[in-house]
2 protein chains.
Amino acid sequence: MRPENESDDQPRSFIERARRAQIVRAAVETIAEVGFAKASFARIAARAGISAGLISYHFAGKDELIGQVAADIKEAMDRAIGERAAGAGSYLAALRAVIGGFVHYCAEHRAEMYALREIAANGGPVEQDDAVGQLAGMLRDGQEHGEFREFSPRLMALTLNAALEAVPRELYSRADTDAAAYADELASTFERAVRREGLRRRG
Amino acid sequence: MRPENESDDQPRSFIERARRAQIVRAAVETIAEVGFAKASFARIAARAGISAGLISYHFAGKDELIGQVAADIKEAMDRAIGERAAGAGSYLAALRAVIGGFVHYCAEHRAEMYALREIAANGGPVEQDDAVGQLAGMLRDGQEHGEFREFSPRLMALTLNAALEAVPRELYSRADTDAAAYADELASTFERAVRREGLRRRG
DNA sequence: ACCTGAACACCGTTCAAGT
DNA sequence: ACCTGAACACCGTTCAAGT
């Protein structure tokens, strides 16, 4: 009744990949325009110029479609932030690069991040554990290299991730919020939280 | 067609208040039991032993009902945490009391906090600005009394609030998470983020 | 294989009708 | 004033039928 490909039987056909990409694109635009609550299959299909039933044919359910939308947006964001953090000369600099990169990416990609937040704020399957795990790994490495004090990497990563997730809402709801200042405040907050004491003082 | 009382015309009648309370109670239990997505008016009404239409009669819409559910839960939580923080002898102690109080309240009121998180995670109108504003006020007071360093009280409050909101999920999804340790880690993290430097060292 | 459009079971809300 | 139950417009999903 519906193609359950990818990690199943055959790879997806060309037309299937094209349709899925088209539907995902229409979904992003629809969510960004009318919000998650009103982004029904009927609206998404109308925007894409297809029948609503076709979405169910290509996706196992609404969860899979929304999950794909979220995954696409996050993949682009992770790549952009990763590039910024790649050249950091220390774990402290890497932490600052991740925080600053995230805030600036939010400021520069409002539609996507707004859609992502709409999804996360409406029970979408955003699976934050990847992000938390990556942050925890970076923090643990920084500890082992002696840059960071002792703390639970997982709980600190969880706290940092939560702080980052709060950024888009504040950035978009308050027009006067200065992205650079927000990034500096956040970076300073977590620098103080993770660094060893008495090393040096700045800011 | 429906009573639009409270801050409108007459006060609510006794029977109206009783019905509203009964419906809110049934909604909390239903959300905690089957999750937000499946907590329909039909299910809530069935649990309360009334018709679904009666909910629409007493509440302007689903948003008002869910908002009332969230408000009731948060009011009880705020009172409990406020009691713990009332006796603090310093702003740093008050900060620690709020963080510790929140974590322990989460650990001790799983059903309510689970329902609240379900609501917040599904686009419910949880209005976090009250909490953020209160935290910001406390932080600002601590700055004016010279206990805290200079930072943006609003952005720090936003960051702290986000960190607190991440607590229930972690606490409930990982059975081995130690609430007391989580509270200590969080308190230590934010203590380091807000305090002046070089005053003293602990932990 | 790919797609449509009607049918289905559900949802929140409205409303005539009862008391 | 308070409440029911049918009707309504919507939703995501299914499925027979077309190509």
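Throughout, a chain's letter reflects where its sequence line sits, starting with A, and its residues are numbered from 1.
Between the P atom of dG18(C) and the OH atom of Tyr57(B) lies a distance of 17 Å, rounded to the nearest Å. The CZ atom of Phe14(B) sits 14 Å away from the C1' atom of dC2(D) (whole-angstrom rounding). Spacing between atom CZ of Phe59(B) and atom C1' of dC2(D) amounts to 15 Å, rounded to whole angstrom units. Here the C1' atom of nucleotide dC11(C) and the CD1 atom of Ile44(B) are 12 Å apart, to the nearest Å. As rounded to whole Å, 15 Å separates atom P of dG12(D) from atom CG of Leu54(A). One can place CD of Glu64(B) at 11 Å from P of dT13(C), the figure rounded to the nearest angstrom. Rounded to whole angstrom, the span from the CD1 atom of Ile23(B) across to the P atom of dC2(D) amounts to 12 Å. Rounded to whole Å, atom P of dC11(D) lies 15 Å from atom CG of Leu65(A).
The aromatic rings of His145(B) and Tyr91(B) sit tilted relative to each other, their planes meeting at an angle between 30° and 60°.
When distances run from any side-chain atom of Glu16(B) to the nucleotides dT4(C), dC2(D), dT14(D), the shortest one goes to dC2(D). Taking every side-chain heavy atom of Lys62(A) into account, dT13(D) is the closest of dC3(C), dC2(D), dT13(D).
Judged by Watson-Crick or G-U wobble contacts below 3.5 Å, the nucleotide dC2(D) has dG18(C) as its partner. dT13(D): Watson-Crick or G-U partner is dA7(C), with both key distances under 3.5 Å.
Nearest-nucleotide positions on DNA chain D place Ile50(B) closer to the 5' end than the other of Ile50(B) and Ala52(A).
Residue-level contact check: Ile15(B) touches the backbone only, with heavy atoms under 4.0 Å from sugar-phosphate atoms and none from bases.
A donor-acceptor pair is defined here as one N or O able to donate and one able to accept, closer than 3.5 Å; no such pair exists between the side chain of Glu64(A) and the backbone of Phe59(A). The backbone N or O of Glu147(B) sits nowhere less than 3.5 Å from a side-chain atom of Arg195(B) that would complete a donor-acceptor pair.
The pair Glu165(B)-Arg117(B) does not count as a salt bridge, with every side-chain nitrogen at least 4.0 angstrom from each carboxylate oxygen. Ionic pairing of Arg154(B) and Glu170(A) is present here: one or more N-O contacts between side-chain nitrogen and carboxylate oxygen are shorter than 4.0 angstrom.
In this view, Thr30(B) and Val34(B), Ala39(B), Arg43(B), Ile44(B), Arg47(B) satisfy the side chain to side chain contact (heavy atoms under 4.5 Å, CB included) rule, not counting sequence neighbours.
Between His58(B) and dC3(D) there is a side-chain N or O to OP1 or OP2 distance below 4.0 Å. Look at Arg19(A) and you won't find any side-chain N or O under 4.0 angstrom from OP1 or OP2 of dA1(C).
Within residues 33-43 of chain A, the residues having any heavy atom closer than 4.0 Å to DNA chain D are, in order of number, Ser40(A), Phe41(A).
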Test side chain to side chain donor-acceptor pair (under 3.5 Å) applied to Gln22(A) and Arg19(A), step by step
CA-CA 5 Å; Gln22(A) 178 198 19; Arg19(A) 271 287 188 230; 2.8 Å; yes

